[in-house]
Amino acid sequence: MNHEKRGLEFYLLAIFFAVFVLFLYGPLSAVLILSFQGPDGGLTFPMNGVSTHWFFNLFEKQAVGDFGASFRRSFSLGLMVMAVTVTVSLLAGLAFRRRFRGSTVLFYATVASLVVPSIIVSLGIGVVFQEGGLKPAWYSSAFGAHLTWTLPFGVLIMFAVFNRFSPAYEEAARDLGASAWQTFRHVVLPMIAPSLIGVGLFGFTLSYDEFARTLMTSGTYNTLPLEIYGMTTNVTTPVLYALGTVTTLFSFTIILIALGIMTMLSRRQAKIN
């Protein structure tokens with residue numbers, strides 16, 4: 001059996017990928033390991049014993065920081081952003097399947113926020129709220145700031161999905177007597193459902209860990225990224241690492257659940273076809 005000889009390009013790419021993985025997961029691994037420090041352990045190596053003490057300490061009252069409330073705010077905000085991102089992105093994808101007057105201007109206006117520095121967007125929204133006599137809060141000004149970040153990505157994804165979507169399926173449904181709503185409900189929606197889940201997951205993730213666009217818009221109460229940042233200069237125990245480990249595992253769990261749902265929908269659609 002003959003094997004094709006690998007060229008220099010393969011080994012250069014392999015080295016680049018190894019360095020990328022090292023920079024991506026190296027710091028994460030250090031945080032995960034240090035979160036299992038003993039009760040008398042510090043923030044650096046070497047470890048002083050091994051225990052789950054700091055994970056239990058997470059649920060106790062902290063001298064600095066409020067983990068539980070900030071997590072609930074970030075989670076709620078992420079769900080709100082996810083719902084609006086999925087809905088608006090779907091409607092935009094359907095609308096842009098046909099050309100209409102002003103579509104080009106509307107498209108560029110939608111994606112323009114991607115090229116504006118996040119901190120400028122956060123500062124601008126915060127100033128507008130204050131000048132308008134409105135108090136910035138995570139559920140109002142921060143919610144709007146996050147949408148300026150997630151909506152462009154969601155819209156671009158749905159554009160790509162519908163660009164590859166064949167109208168023949170809809171034509172066949174209409175030929176069989178299906179109404180416009182029935183065609184969308186029973187033909188279009190099941191076929192694009194995995195993409196919608198991806199948009200929702202993307203929107204939730206971007207919102208859940210967004211820092212810059214939340215900095216000037218969250219108001220009195222912090223979201224989890226702001227709380228973690230504020231604690232980096234005050235907390236001197238590995239409880240911060242335990243929080244990082246828990247939130248990372250939570251993120252991976254959300255991703256695995258979404259992948260499971262997408263796989264199930266894909267298999268169901270394959271059986272139907």
Side-chain angles (χ1 to χ4, degrees), residues 72-100 103-104 106-114 118 138-139 142-174 176 178-210 213-214 223 247-273:
R72 287 191 294 271
R73 285 190 287 269
S74 285
F75 186 75
S76 300
L77 181 58
L79 291 179
M80 292 163 55
V81 171
M82 178 182 69
V84 174
T85 300
V86 170
T87 302
V88 176
S89 298
L90 174 59
L91 295 177
L94 291 172
F96 275 84
R97 296 182 73 186
R98 296 182 179 180
R99 299 284 297 181
F100 57 89
S103 60
T104 302
L106 183 59
F107 169 76
Y108 284 110
T110 302
V111 301
S113 64
L114 294 179
S118 297
W138 63 269
Y139 52 81
F143 175 58
H146 284 203
L147 287 177
T148 64
W149 183 233
T150 61
L151 275 179
F153 286 108
V155 169
L156 290 174
I157 292 173
M158 293 312 300
F159 281 1
V161 170
F162 281 113
N163 187 51
R164 295 180 287 107
F165 188 86
S166 175
Y169 298 106
E170 297 167 279
E171 294 173 1
R174 286 193 293 267
L176 294 174
S179 64
W181 168 248
Q182 289 174 326
T183 301
F184 173 77
R185 170 67 179 83
H186 298 288
V187 178
V188 178
L189 188 58
M191 296 182 71
I192 66 172
S195 299
L196 288 178
I197 294 174
V199 170
L201 178 63
F202 201 44
F204 178 85
T205 304
L206 289 177
S207 172
Y208 180 73
D209 63 4
E210 178 59 26
R213 298 190 187 226
T214 319
T223 59
T247 54
T248 300
L249 292 177
F250 171 77
S251 300
F252 277 116
T253 301
I254 294 295
I255 293 174
L256 289 176
I257 292 174
L259 289 175
I261 295 175
M262 292 172 65
T263 301
M264 181 183 67
L265 291 174
S266 298
R267 290 177 177 176
R268 182 179 298 177
Q269 188 63 34
K271 290 180 180 179
I272 295 175
N273 294 335

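Along the sequence shown, residues are numbered consecutively beginning with 1.
- Across Ser251 and Tyr208, no two heavy atoms sit closer than the pair OG-CE2, 4.1 Å.
- Considering CZ of Arg72 and CH2 of Trp138, their distance stands at 10.5 Å, rounded to 0.5 Å.
- Ring orientation note: the planes of Phe202 and Phe153 are nearly perpendicular, at an angle over 60° on the 30°/60° scale.
- Of all non-hydrogen atoms in Pro190 and Pro194, the two that sit nearest each other are O-CD, 3.9 Å.
- Ser207 meets the side chain to side chain contact (heavy atoms under 4.5 Å, CB included) test with Leu77, Val81, His146; sequence neighbours excluded.
- Listed here is the closest heavy atom pair of Arg213 and Ser118: NE-OG, 3.1 Å.
- Residue pairs meeting the salt bridge (charged side-chain N to carboxylate O under 4.0 Å, His left out) criterion with at least one member in residues 75-98, sequence neighbours excluded: Arg97-Glu170.
- Shown here are the ring pair (Phe, Tyr, Trp, His ring centres under 6.0 Å) partners of Phe252, two or more places apart in sequence or in another chain: there are none.
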Worked verdict on Thr223 versus Arg73 for side-chain hydrogen bond (donor to acceptor under 3.5 Å, both in side chains) = CA-CA 6 Å; Thr223 59; Arg73 285 190 287 269; over 6 Å; no
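- Between the side chain of Thr87 and the backbone N or O of Val84 there is no donor-acceptor pair closer than 3.5 Å.
- Under a 3.5 Å cut-off, the side chain of Thr214 and the backbone N or O of Glu210 do form a donor-acceptor pair.
- Note on residues 179-200: pairs passing side chain to side chain donor-acceptor pair (under 3.5 Å), not counting sequence neighbours, are Ser179-Gln182.
- With sequence neighbours excluded, the residues forming a side chain to side chain contact (heavy atoms under 4.5 Å, CB included) with Leu249 are Thr245, listed by chain and number.
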What donor-acceptor contacts under 3.5 angstrom involve side-chain atoms of residues 161-168, with partners at least two apart or in another chain?
residue	atom	partner	partner atom	Å
Ser166	OG	Ala168	N	3.3

